[in-house]
Amino acid sequence: MSRYDFKNTEKKWRARWAARPIQQNAEGKPKYYCLTMFPYPSGTALHVGHWRCYVIGDILARHKILQGYHVLHPMGWDAFGLAAENNAIKQKKHPSKSVTENIASMKRQLMEMSTVYDWKDEINTTDPAYYKWTQWIFARMFERGLAYEKEMPLNWCQSCKVVLANEEAEGGVCERCKHPATKKNLRQWMLKITAYGERLLSDLEKLSWPPRVKKMQADWIGKSYGAEIDFDGIKAFTTRPDTLCGATFMVLAPEHPLVEALTAPECKEAVDAYVQRASARSSVDRMQDKEKTGVFTGKYVINPLTKEKMPVWVADYVLADYGTGAIMCVPGHDERDFVFAKKFDLPIVQVITPEGRDALPLLAEAYTGDGVLVNSGAFDGMTVAKAKKAISDFIEKEGLGKATVNYKLRDWVFSRQRYWGEPIPIIHCEACGPVLVPDSQLPVLLPDIASYEPTDTGESPLAKIDDWVNTPCPQCGLPAKRETNTMPQWAGSSWYFLRYPDVDNPEALADPQALAQWLPVDHYVGGIEHAVLHLLYARFYTKFLYDIGVVAFEEPFPALFNNGMIYYKGKKMSKGEGHGVSPDEVLPKYGCDALRLYEMFIAPPEMDCEWDDSGIEGVARFLNKVWRLVESARFVPPTEELLRARHRMIHDITIRLDNLSLNTVVSGFMEHTNYLLAMPGLDKETLEILAVLLSPFAPHMAEEIWERLGHTESVFSQPWPAYDPEMLKTDTIELVMQINGKLRGHLQVPAETDKDTILAQARKALAPRLEVAEIVKEIYVPGRIVNFVVK
RNA sequence: GCCCGAGUGGCGGAAUUGGUAGACGCAAGGGACUUAAAAUCCCUCGGAGGCAACUCUGUGCCGGUUCGAGUCCGGCCUCGGGCACCA
């Protein structure tokens, strides 16, 4: 008996599929858009961790083809951006060259996975025909005031020599190189994602996404309810208006615009020094500082309720860009204010007390719990919840402020001081200001230059190319200069899913009909690392395009599947030379089908897991078993037993696949194959069905089996098999017998046996044990157990 | 610090969602076949006890609910992830 020759079989079918794609005559069938997050060609090679996500997507796509859908399952390259450029600099190659090489190498790998991508639909975000539309979207945002310029202190990564969006500087360090971010004052392009904060938050509800991803986005948007209160011209946002009577001082952020004006002359020197020191420090330093620092401005404001004088301080624990950049401080009920008040000897007043107590004996720490108001005049005795509303209302009535909401979400810093990105289609004219490049002149091509390395100054390398920079103003014709910053890495991926149905369209980002036919994406598969970045930006773009009438839906990805990461020797796998297992090492030894199966078998697909080099042996053996099953099959007419086995197999695989429990699908295949191997003979149809069921997972072997069973067309022309629930029933059932919940035996009875008969038989079977005891209760769960409760 | 997850054999993991814990694999040990190896096949494989059909015990720890708990509730412990001066 010959061993399964995966090498030649896989080669054979790959060639056949290339000549004749498996999806034929799909027009008119219901559509299914299955999308896997496209790779970022910043290294030369994919590792088995990347494969996991592509295999999941491919299995879903193939399953849908078998279920009779017209499936779009495309692939492309997210090839602009810093990581790709850094990789090029490291290799001392021009980014366009290095990216092209990386794509070629990754594409070769993807082809060896035998995924069903139709390479006619390939996207490359660095292709001018593609980024023309990335620029076009920016232009539409500019027209509507959603793209604007602003000079402000920004997160700057000295290692990458670039500004970072807030989303890229989580925890105060550069998302890519982990270098601490410092503040740098720069003129930047911003996208007003905050205008969409509320919709981005409330529409999360509609999405069938993993809860943790929704939560991460909700936390990132960070909505909180409160009030904005005016203290003699200084506005402060608080979520605790109920504690207003306990506000004994105010603190402004060092960058607050009023600091200079309100500082008393005798405090000026100290305040200036403090502000200067604060701005020089990185946000990491500022955050890691446990010790609170601050300086008194010499100014006082009046608490509108207590009429007490509140000193105004400046301290860097208050953030300039959240709320109003100024806070009312309630040391009795806020931990940070408490620490500050203790350090600088400011008054602490208690205004909340736990219900049922008059007052806390001594405030050793801030009391942040629930309770009722004290020391608050007319508001005494109210609960926190009630007082929040009552004091907000009072403030509003008196014209001292208003109830309001605040978001943590900030506008998106959208320009990068780097070469390898989409040029921003703007021309700066001294007379007209920033002017859009007319649509007819799009795309603004990224010039091909020799020296593309970043500079220390915060200026893009493009700024040095005079004949590119200097251009007439499209509006007045006078000499003007092009914008030299480029777009961030995320720009191209924020809308790419819209392009796949119509990749060559020169007239529009995609034909409206193609969009209507294919979008939104039915199933999106990708890693958790994009929980807030890509997924939030793509949702923002889609909502904007909805508002301007380009698309008819507000959410691009109604269903999302997050695959877990594969670790190797305890660490994340990393691209390139680093750390990981390459499919190139595995494929020659085990083949594509085995690797695909193992990627699924290794763990539940949504969970992180550890790569085990010897684990793949098991699925390779399984494939050989299947091959042996087919090769050595002695065909017989289908017996009752074979029919039942067949339907159980269809049932098990279908249910598990529908639940995306892909690891148990593989173990299900193993169980059923083992069962069939033990049968004295097999009917042909059961094997045919096994081939169809197996085809999304091990497509090469499935085709080979299908052909061997005498078929000339592809196995993918078959419908997904259906099972008959009647065939899942068995003639006899096995019940478990228990006494006091402990296993005491098994009982075989005909399936239709009634309760009394079963109980009688069980009593008889357990007679020796039951005779010495008194039966208190009998429990019977049909089809499962009989339990006697005895004393 | 706050908010999520997760703890099951030597290992990866199953368990119809409250009903036989350890499916399916990996690794290990023993055996068959073979001159030998590879491949394949058979047996053992949580712990303790017994010649044995079996018995007790066992899903991070302590308690609870229930006829019955890996699964539900309360309290801890450990690990992983997210957020982190957001007022």
Side-chain angles (χ1 to χ4, degrees), chain A residues 1 3 170-172 210-213 215-216 218-220 222-224 226 236-240 243 247 250-251 253 283 286-290 292 315-319 321-330 333-337 339-340 368 406-410 528 531-532 564-565 567 597-598 601-604 606-619 621-622 624-625 628 652 655-656 661 663-674 677 734-746 775-790:
Chain A
M1 198 180 305
R3 218 168 134 68
E170 287 190 37
R212 62 173 171 163
V213 179
K215 199 175 171 303
M216 280 167 76
D219 287 351
W220 187 258
K223 182 180 189 176
S224 47
F237 172 73
T238 179
T239 55
R240 295 292 305 273
T243 61
M250 277 194 95
V251 174
S283 45
R286 275 168 74 159
M287 279 192 301
Q288 279 173 353
D289 234 2
K290 286 279 181 308
K292 293 250 179 309
D316 67 4
Y317 82 93
V318 174
L319 306 175
D321 53 0
Y322 180 77
T324 61
I327 59 169
M328 68 172 210
C329 297
V330 186
H333 306 286
D334 181 279
E335 284 165 28
R336 297 149 301 183
D337 298 346
V339 172
F340 195 81
T368 55
N406 240 293
Y407 299 87
K408 286 192 208 175
L409 185 69
R410 316 288 154 85
I528 185 80
V532 278
M565 267 186 310
Y567 288 77
L597 278 174
Y598 184 55
F601 188 57
I602 187 167
E606 70 281 5
M607 262 174 50
D608 290 347
C609 62
E610 173 83 20
W611 182 264
D612 175 1
D613 288 310
S614 60
I616 195 171
E617 293 282 355
V619 292
R621 280 177 202 147
F622 159 73
N624 277 312
K625 272 191 189 181
R628 207 164 62 238
D652 288 355
I655 297 289
R656 294 173 190 191
S661 178
N663 55 324
T664 62
V665 170
V666 179
S667 63
F669 279 130
M670 290 170 172
E671 285 174 75
H672 288 285
T673 303
N674 288 342
L677 269 170
E734 191 182 61
L735 290 161
V736 167
M737 296 187 290
Q738 296 181 334
I739 293 175
N740 287 345
K742 287 201 167 158
L743 178 68
R744 283 296 176 256
H746 301 264
I775 299 178
V776 185
K777 202 174 172 185
E778 294 173 337
I779 288 147
Y780 167 64
V781 183
R784 296 233 188 278
I785 62 151
V786 176
N787 187 17
F788 296 105
V789 186
V790 303

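This structure is a prediction, so every number in the text was calculated from the model and none was measured. Hydrogens, waters and symmetry mates are skipped; everything else that's a heavy atom, side chains included, is used. In what follows, every chain begins at residue 1, and chains take the letters A, B, ... in the order their sequences are listed.
Distance noted for atom C1' between B/rC45 and B/rG25: 14 Å (whole Å). B/rC72 and B/rU16 have their P atoms separated by 12 Å, given to the nearest Å. Of the P atoms belonging to B/rC26 and B/rA39, the separation is 12 Å, rounded to the nearest Å. When the C1' atom is used for both B/rG47 and B/rU8, the distance is 15 Å, rounded to whole Å. Rounded to a whole angstrom, the distance from the C1' atom of B/rU20 to that of B/rA32 is 33 Å. Taking the P atom of each, B/rA23 and B/rG13 are spaced 15 Å apart, rounded to whole Å. Here, B/rG46 and B/rG10 have their P atoms 9 Å apart, quoted to the whole Å. A distance of about 13 Å separates the C1' atoms of B/rA28 and B/rG9, rounded to the whole Å.
At a cut-off of 3.5 angstrom, counting only N and O atoms as typed in the model, there is a donor on one side and an acceptor on the other between the side-chain of A/K292 and the base of B/rC85.
Paired with A/I327 under the rule side chain to side chain contact (heavy atoms under 4.5 Å, CB included), one option of A/Y322, A/F237, A/Y317 passes, and it is A/Y317.
The shortest distance between the side-chain N/O atoms of A/R621 and the OP1/OP2 oxygens of B/rC26 is below 4.0 Å. Applying the 4.0 Å criterion to OP1 and OP2 of B/rA87, one finds that A/S224 has a side-chain N or O inside that range. Of the side-chain N and O atoms in A/K742, one or more sit less than 4.0 angstrom from OP1 or OP2 of B/rU57. Proximity of A/R744 to the phosphate of B/rG19: no side-chain N or O atom is located under 4.0 Å from OP1 or OP2. The phosphate of B/rA39 (OP1 or OP2) has no side-chain N or O of A/R628 nearer than 4.0 angstrom.
Rounded to the nearest 0.5 angstrom, A/T673 OG1 and A/R628 CZ are separated by 10.5 Å. Once rounded to the nearest 0.5 Å, the distance linking CZ of A/F788 with CD of A/E778 reads 5.0 Å.
Base pairing annotation: B/rA15 forms no Watson-Crick or G-U wobble pair, as no partner gives both donor-acceptor distances under 3.5 Å. In this structure, B/rG1 forms a base pair with B/rC83, meeting either the Watson-Crick or the G-U wobble geometry with both donor-acceptor distances under 3.5 Å. Under the Watson-Crick or G-U wobble criterion, with both distances below 3.5 Å, B/rG68 is left unpaired in every strand shown. Across all strands shown, the partner of B/rG74 is B/rC62, judged by Watson-Crick or G-U wobble contacts whose two distances both fall under 3.5 Å. Across all strands shown, B/rC51 forms no Watson-Crick or G-U wobble pair with both distances under 3.5 Å. Across all strands shown, B/rA36 forms no Watson-Crick or G-U wobble pair with both key distances under 3.5 Å.
Looking only at side-chain heavy atoms (C-beta outward), A/V736 and A/L743 come within less than 4.5 Å of each other.
For the pair A/D608 CG and B/rC79 C1', the interatomic distance rounds to 13 Å; values are reported in whole Å. Separating the CD1 atom of A/I655 from the P atom of B/rU17 is a distance of 11 Å, rounded to the nearest angstrom. Distance OH (A/Y567) to C1' (B/rG13): 18 Å, rounded to an integer number of Å. Across the protein-nucleic acid pair, A/F669 atom CZ and B/rG25 atom P stand 14 Å apart, rounded to whole Å. Regarding A/I739, its CD1 atom lies at a distance of 16 Å from the C1' atom of B/rG19, rounded to whole Å. Rounded to whole Å, the distance from CG on A/L597 to C1' on B/rG12 is 16 Å. Distance A/K215 NZ to B/rC3 P: 9 Å, rounded to the nearest Å. A/R240 places its CZ atom 11 Å from the P atom of B/rA87, with the value rounded to the nearest Å.
Counting any heavy atom pair closer than 4.0 Å across all strands shown, A/F601 reaches a base atom. Backbone-only engagement by A/I602 is indicated by non-hydrogen atom pairs under 4.0 Å involving sugar-phosphate atoms exclusively. Counting non-hydrogen atoms under 4.0 angstrom, A/M607 reaches the backbone sugars and phosphates but no base. At the heavy-atom level, A/E734 lies under 4.0 Å from base atoms of the strands shown. Within 4.0 Å (heavy atoms only), A/K223 reaches no atom of the nucleic acid at all.
The side chain of A/N663 has B/rG13 as its nearest neighbour among B/rG13, B/rC26, B/rG19. Checked against B/rU20, B/rA87, B/rA27, the side chain of A/V736 finds its nearest nucleotide in B/rU20. Considering only the side chain of A/N787, B/rG68 comes nearest among B/rG68, B/rU40, B/rU20. Closest to the A/Q738 side chain, of the nucleotides B/rA27, B/rG12, B/rU20, is B/rU20. Of the candidate nucleotides B/rG13, B/rC85, B/rC24, B/rC85 has the atom nearest to the side chain of A/Y317. Of the candidates B/rA15, B/rG19, B/rC26, the closest approach to any side-chain atom of A/T664 belongs to B/rA15. In the set B/rU16, B/rA14, B/rG25, B/rA14 carries the atom at the smallest distance from any side-chain atom of A/P604. In the set B/rA14, B/rC67, B/rC24, the nucleotide with an atom closest to the side chain of A/N674 is B/rC24. Distance from the side chain of A/T238 is smallest to B/rA87 among B/rA87, B/rG12, B/rG25. Listed nucleotides B/rC26, B/rA84, B/rG82 differ in distance to A/M216; the shortest reach to its side chain belongs to B/rG82.
A/N740 places a side-chain N or O within 3.5 Å of a backbone atom of A/V790 that can act as its donor or acceptor partner. Under a 3.5 Å cut-off, the side chain of A/D608 and the backbone N or O of A/M565 do form a donor-acceptor pair.
Residues A/K625 and A/N674 bring a donor and an acceptor atom of their side chains to less than 3.5 Å of each other.
Of the two residues near RNA chain B, A/D337 and A/L677, the one whose nearest nucleotide lies more 5' is A/L677. Of the residues near RNA chain B, A/G325 and A/G618, the one whose nearest nucleotide (by heavy atom distance) lies more toward the 5' end is A/G618.
Under the 90° criterion around 0 for the glycosidic angle, B/rU17 counts as syn. Glycosidic torsion of B/rG9 falls within 90° of 0, placing the base in syn.
Annotation for A/M328 and A/T238: closest pair CE-OG1, 3.8 Å, computed over non-hydrogen atoms. Of all heavy-atom pairs between A/T243 and A/V330, the closest is OG1-CG2, 3.3 Å.
Environment of CD in A/E734: crowded, with over 12 heavy atoms of neighbouring residues, nucleotides or ligands closer than 6.0 Å.
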